[in-house]
Chemist: 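Pasting a structure below so you can have a look.
So you know, we letter chains A, B, ... as the sequences are listed, proteins then strands, and number each from 1. From a predicted model like this one, the values you see are computed outputs, not experimental measurements.
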Amino acid sequence: MFVLVGLNPQQREAVLHPEGPELVIAGAGTGKTRVLTTRIAWLIEEQGVQPEEILAFTFTNKAAREMQDRVHRMVPHAAGRSWIGTFHATGVRLLRREGSRLGYDRWFTIFDSDDSRSLIKRILKRINADPKQLSPRAVASAISTFKNSSLTPEAASNEAVSRFEEKVAEAYGLYVTELKSMGAMDFDDLICNTVQLLEEHQDIQERYARQFRHVLVDEFQDTNPQQLVMVKALSAVHQNLCAVGDDDQSIYSWRGATVENMLNFEEYFPGAQVIRLEQNYRSTPVVLRAANEVIAHNRRRKGKNLWSDRSGGPPLELWWSEDEEDEAAQVRDRIRRLLAETDASRKHIVILYRTNAQSRALEDALRRESIPYQIIGGTRFYERREVRDLLAYLKVILNPADRVSLARILNVPRRGLGKTTSERFFTELELRGGSALNLLGDKAALAATCGNAPGKRLARFGETLKLLRRLAENSDAAAVLRQLVKAVEYEDFLEKDDPITADERRNNVAELVNAAHEFTSESDDPSLGAFLESVALLADGDRVRDTTDVVTLMTVHTAKGLEYPYVFITGCEDGLLPHASSIEEDDAVEEERRLFYVALTRAQEQVFLTSASMRRRYGSMESCIPSRFLGELPEDCVAEMTLQPTSLFGGPRLTEPRRPRPEFGEGAPRKHKRRDTPVSTDVMADAAAFLKSKARQKAADRSGHGFSDHDVDQSPEMSYHVGMRVEHEMLGIGIIEEVEGIGELMRLTVSFGEDGRKRLLARFARLRVLDSAAD
DNA sequence: ACCGCCCTAATTTTT
DNA sequence: TTAGGGCGGT
Ligand SMILES: Nc1ncnc2c1ncn2[C@@H]1O[C@H](COP(=O)(O)OP(=O)(O)OP(=O)(O)O)[C@@H](O)[C@H]1O
């Protein structure tokens, strides 16, 4: 059985599992995905299962494509016939076919989160919600939670205990009705409506459950309750479910995923066989030990026993830096050295971070030195304004009932249809019901509701839409898009709108046209609807190119399931990783730790960790402390490459240096030394000795004070710290509550007793230091 | 209806 | 730092 070659006995057992539910629970890099793929090949090749009798769920479309390709390679005649896709893509596929049973058109519109948000915004305005209390964002996430726990608007309304919750429930109700009336589904609907379809229509459920003799799920730890229902329903007849996952890699609980799906597997699927894989094939033992050690700090977990028979491996390198620019320079220099000194090429290197905002500095550093890179995620291509405008047009062309998209394009490019006209038009439209195209074609009605001149302009706009709609009936997506750009003179609009950015935005338009072309030539359904669907379902991970030789940048979340020889984990600071919003809760910190674990276990050869002592946030500098997770790494796995600069404000040193520091002998123990000596000279000297690189110097110079020793201990503005008693000429005596920024930009929040709190620019405040608070 | 100015709030993570 | 909303002038 050729497909089994090279598998270890446990993997083999998992692949060859005969019938009934099976759970493969195993740590990172143990070959779970490989088992899943091989099992599909084996089922088809050896068990006589037809490719279309197989349903497999992956986390991204790219993973699906890869799985499809690999199965294809192992079993050529199976090409493209199995159902392999994400939960969302599979939901869409079922809903396109059977959605009419729920009252949806075959080409229902898929709302992305942005569309949902605009709809919610409109609804909140309509119900006079205070935008300060009810942000569209919060309501959107509440609605998502409702949907994922299959709570209807009525139920939500009944359960509401506060005025606030009532409003949210009200908005939820309107949102659901509006969506339905527009013939649109949001992301959650793609799952929830599928579940509804299967639950309410036995015949459909039975038909598909009978068809799918085998159901397989990758990354099972990150599925949500609705997805579990979907899996159950679709595997109900044959009960052949193979799920693989790793509870230590559950990192999406914030969007409703629950690891309980996996931990209670045997309860949900009685008689399930559980198989564990313990040999890691990906990483060096050093990386593995580091990862194991860190994750062992989580209390809520079923332990694992991961091992590797690879030998040796370089230690994890830990680089302390001054700020994010400095950090980026270190990363860039280290990459240069990797490329020069090892046989690594750029595509073997990934730079990971917790938040997309962190990519900026890294990107700048790489660009300056012309190291080619790709950024995955962040402000995605399909989120650019010009791209979204055009997509909105396409959505309206396909589905004129989509009022959210219609509202977006009504006056883009500007055609004299401003706020007033827009409001009148939509009020009338909602009053009448029916298609927007009907109203746009009714000149008398338009004139009556919006006035003569605006009415004419609306009618003209309607004509354009109708023309394009007719075109779309028998042309492909690319043709429609090209005609659209011409018809609305979109490029002229870009030029007029802002000549400075016009070029770049025109490029984005060209890129979109290009993407449509590519789609139409590659897809077996080149229609507009199919194109819009592919865009809506596109995941960040899908955009990872692994054929071109470039360094890759992405968030840790996006990196799940991938592997790279060299992994840089940047921003290892408390507040970032673990993220500030998770620090309060133990469970949340554990999820952050899993995130760190995921990051570490992406590495095949070596990990590089960076941690900055200051970081720009919202424009002003804030000091950072090292990530608590760094302290959880086994000492002998880590090599510190730079000295840990102490925060200018005497920030705590969470981790002790791991190596004797030749320059400074043993180094005085200063574990808990802080506050009493805000800026100790020897610490500054330590730092100064290390701050040699040009980038560092430059950054320091720009922020108004270099680390050159002469202004270190005299400059008064550097020695403010929280808890200090100070005197102000006018305001009197106060206590410093907060220190933000450095140098000229340093701002202090000082509490002056009865007189309240003041935020002062340290440079101008002329404060006299009375004394420091005792620790 | 449109434009430009100022203010503010916000960045976790994504299908 | 930046995007989006509110406001007031044209
Ligand atoms: N039996 C084996 N022999 C050699 N290499 C293997 C074997 N099984 C898996 N591998 C390799 O180990 C690496 C990790 O495999 P895979 O991605 O399937 O693991 P995983 O358990 O899904 O990891 P993760 O949970 O981190 O996503 C891959 O490069 C794969 O080719």
Side-chain angles (χ1 to χ4, degrees), chain A residues 57-64 85-92 110-114 116-118 121 125 131-132 135-138 140-141 144 147-148 185-192 219 222-224 226-227 250-257 352-361 376-380 382-383 385 410-411 413-423 450-451 453-454 457 496-498 535-543 554-560 571 575-583 588 591-592 594-596 598-599 615-621 745:
Chain A
F57 294 105
T58 57
F59 203 69
T60 62
N61 299 297
K62 178 157 180 278
T86 62
F87 277 94
H88 291 85
T90 305
V92 171
I110 300 172
F111 267 24
D112 59 35
S113 349
D114 230 71
S116 299
R117 201 127 25 87
S118 353
K121 218 183 281 178
K125 241 181 227 148
K132 283 226 172 73
S135 73
R137 223 176 114 66
S141 103
S144 177
K147 288 191 173 181
N148 283 319
M185 297 192 198
D186 66 14
F187 275 128
D188 295 317
D189 289 335
L190 299 182
I191 308 298
C192 299
E219 308 278 11
D222 276 324
T223 53
N224 69 31
Q226 295 280 312
Q227 291 167 335
S250 135
I251 54 175
Y252 281 96
S253 74
W254 50 272
R255 65 172 205 212
L352 303 179
Y353 35 80
R354 176 65 229 267
T355 66
N356 286 303
Q358 289 168 253
S359 70
R360 186 76 174 266
I376 310 300
T379 319
R380 289 169 276 234
Y382 288 99
E383 283 167 18
R385 208 198 279 108
L410 196 65
N411 201 27
R414 237 138 276 153
R415 47 174 77 87
L417 300 173
K419 218 173 129 199
T420 320
T421 309
S422 170
E423 249 159 45
C450 309
R457 292 195 286 261
K496 253 185 277 162
D497 189 55
D498 181 359
V535 169
L537 295 181
L538 206 70
D540 279 343
D542 301 338
R543 293 180 66 82
M554 64 177 115
T555 65
V556 183
H557 280 93
T558 310
K560 189 176 71 155
L576 225 38
L577 188 64
H579 194 270
S581 50
S582 304
I583 265 167
E591 180 147 323
E592 298 286 312
R594 290 193 291 272
L595 203 50
F596 189 55
V598 167
R615 204 170 276 280
R616 197 171 218 95
R617 246 194 123 186
Y618 306 142
S620 65
M621 279 292 194
L745 296 172

Chemist: Under 4.0 Å between a side-chain N or O of A/Ser113 and OP1 or OP2 of B/dT15?
Modeler: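 Negative; the distance criterion is not met.
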
Chemist: Phosphate oxygens OP1/OP2 of B/dT15: is one of them under 4.0 Å from a side-chain N or O of A/Asn224?
Modeler: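 Checking B/dT15 against A/Asn224, no side-chain N or O comes under 4.0 Å of OP1 or OP2.
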
Chemist: Contact class for A/Ser135 (heavy atom, under 4.0 Å): base, sugar-phosphate, or nothing?
Modeler: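 A/Ser135: no heavy atom of the nucleic acid under 4.0 Å.
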
Chemist: Which nucleotide in the list B/dT12, B/dT13, B/dC2 gets nearest to the side chain of A/Asn411?
Modeler: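 Among B/dT12, B/dT13, B/dC2, the one nearest the side chain of A/Asn411 is B/dC2.
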
Chemist: Is any side-chain heavy atom of A/Leu537 less than 4.5 Å from a side-chain heavy atom of A/Leu190?
Modeler: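 A side-chain contact exists here, since the closest heavy-atom pair is under 4.5 Å.
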
Chemist: So that I can tick it off, tell me whether A/Arg255 and A/Asp222 are bridged by a salt bridge, with the cut-off set at under 4.0 angstrom between side-chain N and carboxylate O.
Modeler: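 Result for this pair is no, no salt bridge flagged.
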
Chemist: Base, sugar-phosphate alone, or nothing: which one does A/Tyr252 contact when heavy atoms must sit under 4.0 Å apart?
Modeler: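 Sugar-phosphate contact only - A/Tyr252 comes under 4.0 Å of backbone atoms but never of a base.
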
Chemist: Over all strands shown, is A/Thr60 touching base, sugar-phosphate only, or nothing at heavy-atom distances under 4.0 angstrom?
Modeler: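 No contact.
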
Chemist: Rounded to the Å, how far apart are A/Leu538 CG and B/dT14 C1'?
Modeler: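 Computing the A/Leu538:CG to B/dT14:C1' distance gives 12 Å.
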
Chemist: Could you tell me whether the phosphate oxygens of B/dT14, OP1 or OP2, come under 4.0 Å of any side-chain nitrogen or oxygen in A/Thr555?
Modeler: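 Looking at the OP1 and OP2 atoms of B/dT14, one of them is under 4.0 Å from a side-chain N or O of A/Thr555.
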
Chemist: Could you check A/Lys419 against A/Asn411 for side chain to side chain contact (heavy atoms under 4.5 Å, CB included), going step by step and ending with a plain yes or no?
Modeler: CA-CA 9 Å; A/Lys419 218 173 129 199; A/Asn411 201 27; over 6 Å; no

Chemist: What is the distance from CZ of A/Arg354 to C1' of B/dT13, rounded to the nearest Å?
Modeler: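 So the two atoms are 5 Å apart, to the nearest Å.
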
Chemist: Would you indicate which nucleotide in B/dT15, C/dG4, B/dT12 comes nearest to any side-chain atom of A/Lys121?
Modeler: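 Nucleotide nearest to A/Lys121's side chain: C/dG4.
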
Chemist: With a 4.0 Å cut-off on heavy atoms, is A/Asp188 in touch with a base, just the backbone sugar-phosphate, or nothing at all?
Modeler: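 No contact.
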
Chemist: Between B/dT15 and A/His88, is there a base-stacking contact, meaning the centre of the base's six-membered ring lies under 5.5 Å from the residue's ring centre while the planes stay under 30° apart?
Modeler: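 Whether judged by distance or by angle, A/His88 falls short somewhere, so it does not stack on the base of B/dT15.
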
Chemist: Atom CZ of A/Arg617 to atom P of C/dT2: distance rounded to whole Å?
Modeler: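 Going from A/Arg617 (CZ) to C/dT2 (P), I get 16 Å.
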
Chemist: Considering all heavy atoms of both residues, which atom of A/Glu591 and which atom of A/Tyr252 are nearest to each other, and what is their separation?
Modeler: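 Nearest heavy atoms, A/Glu591 then A/Tyr252: OE2-N, 3.6 Å.
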
Chemist: A/Glu383 CD to B/dT11 P: how many Å, rounded?
Modeler: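 Rounded to the whole Å, the gap is 13 Å.
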
Chemist: Take atom NZ of A/Lys419 and atom C1' of B/dC3, then tell me their distance rounded to the nearest Å.
Modeler: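 It works out to 15 Å between those atoms.
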
Chemist: Is any side-chain heavy atom of A/Thr86 less than 4.5 Å from a side-chain heavy atom of A/Thr58?
Modeler: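 Yes. Closest side-chain heavy atoms under 4.5 Å.
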
Chemist: Closest nucleotide of DNA chain B for A/Ala357 versus for A/Gly377: which of these residues is on the 5' side?
Modeler: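 Residue closer to the 5' terminus by nearest nucleotide: A/Ala357.
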
Chemist: According to a cutoff of under 5.5 Å between the ring centres and under 30° between the ring planes, does A/Trp254 stack with the base of B/dT13?
Modeler: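 So A/Trp254 counts as stacking on the base.
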
Chemist: Round to the nearest Å and state the distance from A/Met554 atom CE to B/dT12 atom P.
Modeler: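 That distance rounds to 22 Å.
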
Chemist: Taking atom C1' of B/dT11 as reference, at what distance in whole Å does atom CZ of A/Arg117 sit?
Modeler: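 Value for this atom pair: 12 Å.
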
Chemist: Can you tell me if the side-chain N/O atoms of A/Thr420 get under 4.0 Å from OP1 or OP2 in B/dA1?
Modeler: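 The answer is yes; a side-chain N or O of A/Thr420 sits under 4.0 Å from OP1 or OP2.
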
Chemist: Using the closest heavy atom to pick a nucleotide of DNA chain B for each, name whichever of A/Thr355 or A/Leu417 lands nearer the 5' end.
Modeler: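 With A/Thr355 and A/Leu417 compared, the 5'-side residue is A/Leu417.
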
Chemist: Tell me if the CZ atom of A/Arg457 is crowded by more than 12 foreign heavy atoms within 6.0 Å.
Modeler: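 Counting neighbours around CZ of A/Arg457, more than 12 heavy atoms of other residues, nucleotides or ligands fall under 6.0 Å, so yes.
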
Chemist: For B/dT11, does OP1 or OP2 lie under 4.0 Å from any side-chain N or O of A/Arg137?
Modeler: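 It does, given that an N or O in the side chain of A/Arg137 lies less than 4.0 Å from OP1 or OP2 of B/dT11.
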
Chemist: Would you say A/Thr558 reaches B/dT14's phosphate, i.e. side-chain N/O to OP1/OP2 under 4.0 Å?
Modeler: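 It does, given that an N or O in the side chain of A/Thr558 lies less than 4.0 Å from OP1 or OP2 of B/dT14.
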
Chemist: Identify whether any heavy atom of A/Arg360 sits under 4.0 Å from a base atom; if not, whether one sits that close to sugar-phosphate; answer base, sugar-phosphate or nothing.
Modeler: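 Sugar-phosphate only.
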
Chemist: Just how far, in rounded Å, is C1' of B/dT15 from CG of A/Asp112?
Modeler: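 So the two atoms are 11 Å apart, to the nearest Å.
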
